[in-house]
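Each remark here refers to the structure printed beneath this line.
Whatever order the structure lists ligands and atoms in, that order sets their numbers, starting from 1.
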Amino acid sequence: MTLFDAFRFDGKRVLVVGGATGMGAAAAELAQAAGAEVIVADYAEVTLPGAKAIHVNLADAASIDTAVEQLGGPVHALLSAAGVADGTPGIERINFIGHRYLIDRLLAGGLLPRGSAIGFISSAAGLGWEANLPLLKEYLAITDFDAATKWAVEHGKADYMWSKQAVCAYVATQAMPLLKQGIRINAICPGPTDTPLAQTNKETWLGFGADYRAELGIEAATPLEQAYPLLFLVSDAASAINGITIVTDSGYFSAGLTEVFPTATPIVRFLSGR
Ligand SMILES: NC(=O)c1ccc[n+]([C@@H]2O[C@H](COP(=O)([O-])OP(=O)(O)OC[C@H]3O[C@@H](n4cnc5c(N)ncnc54)[C@H](O)[C@@H]3O)[C@@H](O)[C@H]2O)c1
């Protein structure tokens, strides 16, 4: 035993939802390297050697029920990584409602023991959640899968930005009630990261902040660079961190907010609802 063991996952089971590709896949591999037994639940084929693979469609509650039945034991760290871009049918379920439903099923089944932790991947697109908190709380109060889906569609909120704001608000509002059960919840809010999803939407996703990165001489983040803080958040080393959405964007948001990089200021003000 060393002091540094709090960063490791020996003897722990880590479930990565959306771990077939991109940041989730990087986090799954990293968790294995940190000693974890890794289970990957995804819609796509899982290729990570040594990981248990479970098929799940987050847009479908019955599919999530079936996936949870296949877990075969407790989950000490849940990484809620799956997400899709605007234009994907069911985005409100895949990016938020399905993840929350899965967490509720794990809680109901006693599968998230005391000491476990949840790490979401939200997005810089979700950072305006505080300005929208009253409406987000109205939405979050609808915990039924179909009723929440209906609300999002009927209110014109079945979109990427709202789904990520919902994740941030969910993380913040659940910090206290979950910790009563010994469970922590946090999120990362990545800036542009070079993943299959970003490549499919290259102009908007990887074009975002390109001027900032050019001035600094840096590239968009790699999936592994996002996996490091995500896995840290669900490690015992982060036991004092709860209810927080960490911006992992190489400083773009801060530079825009403070007008240190004025070109970013209007978009950052828009995204943060200020
Ligand atoms: N790449 C970026 O620039 C960026 C920036 C901010 C936030 N994000 C977020 O990061 C997360 C990871 O995305 P990524 O960029 O690694 O992309 P990705 O496409 O590589 O990973 C997303 C994963 O989600 C899975 N998935 C999609 N639909 C699903 C469904 N219906 N049921 C179950 N799984 C499903 C995919 O199969 C894939 O494995 C997403 O939540 C995304 O919104 C990405």
Side-chain angles (χ1 to χ4, degrees), residues 15-30 39-48 51 53-68 78-102 118-127 145 149 158-168 170-171 187-210 213 219-231 245-250 252-253 271:
L15 170 61
V16 187
V17 178
T21 61
M23 297 179 221
E29 202 179 342
L30 185 64
I39 306 147
V40 176
D42 203 297
Y43 191 63
E45 192 196 346
V46 177
T47 55
L48 180 64
I54 298 177
H55 179 80
V56 71
N57 178 5
L58 287 167
D60 177 0
S63 166
I64 299 170
D65 288 335
T66 308
V68 169
L78 168 65
L79 300 180
S80 304
V84 291
D86 273 326
T88 309
I91 186 169
E92 73 289 347
R93 282 161 282 155
I94 298 165
N95 287 13
F96 173 63
I97 297 168
H99 284 295
R100 179 180 62 176
Y101 182 81
L102 190 143
I118 301 166
F120 260 97
I121 303 184
S122 184
S123 170
L127 289 170
F145 189 95
T149 302
D159 62 51
Y160 190 78
M161 234 172 125
W162 184 260
S163 71
K164 294 301 187 180
Q165 288 192 6
V167 168
C168 291
Y170 176 72
V171 164
I188 58 167
C189 289
T193 305
D194 195 356
T195 67
L197 182 62
Q199 285 293 345
T200 310
N201 307 278
K202 199 168 179 174
E203 213 165 289
T204 36
W205 285 46
L206 294 178
F208 185 85
R213 298 195 298 277
E219 302 293 329
T222 64
L224 185 59
E225 285 169 339
Q226 298 294 347
Y228 282 125
L230 181 64
L231 197 67
T245 45
I246 292 186
V247 188
T248 51
D249 71 345
S250 300
Y252 179 82
F253 191 86
L271 285 177

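Contacts of Trp205 with ligand 1, taken as heavy-atom pairs under 4.0 Å, involve the side chain alone. The part of Ile94 lying near ligand 1 is the side chain, judged by heavy-atom distances below 4.0 Å. With a 4.0 Å heavy-atom cut-off, ligand 1 is reached by the backbone of Pro192 but not by any atom from C-beta on. Residue contacts with ligand 1, taken as heavy atom pairs separated by less than 4.0 Å, involve Val84 solely via side-chain atoms from C-beta onward. Counting heavy atoms closer than 4.0 Å to ligand 1, residue Lys164 contributes side-chain atoms (C-beta onward) but none from N, CA, C or O. If you look at Leu58 next to ligand 1, the close heavy atoms, those under 4.0 Å, come from the backbone and the side chain alike.
Taking the six-membered ring where tryptophan is involved, the planes of Phe96 and Tyr170 are perpendicular, since the angle between them exceeds 60° and thus also 30°.
Nearest-heavy-atom check against atom 21 (O) of ligand 1 across Thr21, Asn95, Ile64, Thr88 picks out Thr21. Among Gly83, Ala85, Ser122, Ala81, the residue whose heavy atom lies closest to atom 12 (C) of ligand 1 is Ala81.
Checked by distance only, ligand 1 and Ala124 stay at 3.5 Å or farther apart across all their nitrogen or oxygen atoms. Inclusion of Tyr160 in the set of residues having an N or O under 3.5 Å from an N or O of ligand 1 is warranted. Between Pro190 and ligand 1, not a single N/O pair is under 3.5 Å apart.
With respect to atom 44 (C) of ligand 1, the closest heavy atom belonging to the protein is Met23 CE, 3.3 Å. Nearest protein heavy-atom contact of atom 13 (O) of ligand 1 is Leu197 CD2, 3.8 Å. Counting only heavy atoms of the protein, atom 10 (O) of ligand 1 lies nearest to Ile121 CG2, 3.2 Å.
Atoms of ligand 1 found under 4.0 Å from any heavy atom of Val56, numbered from 1 in the order shown, are 32 (N), 33 (C).
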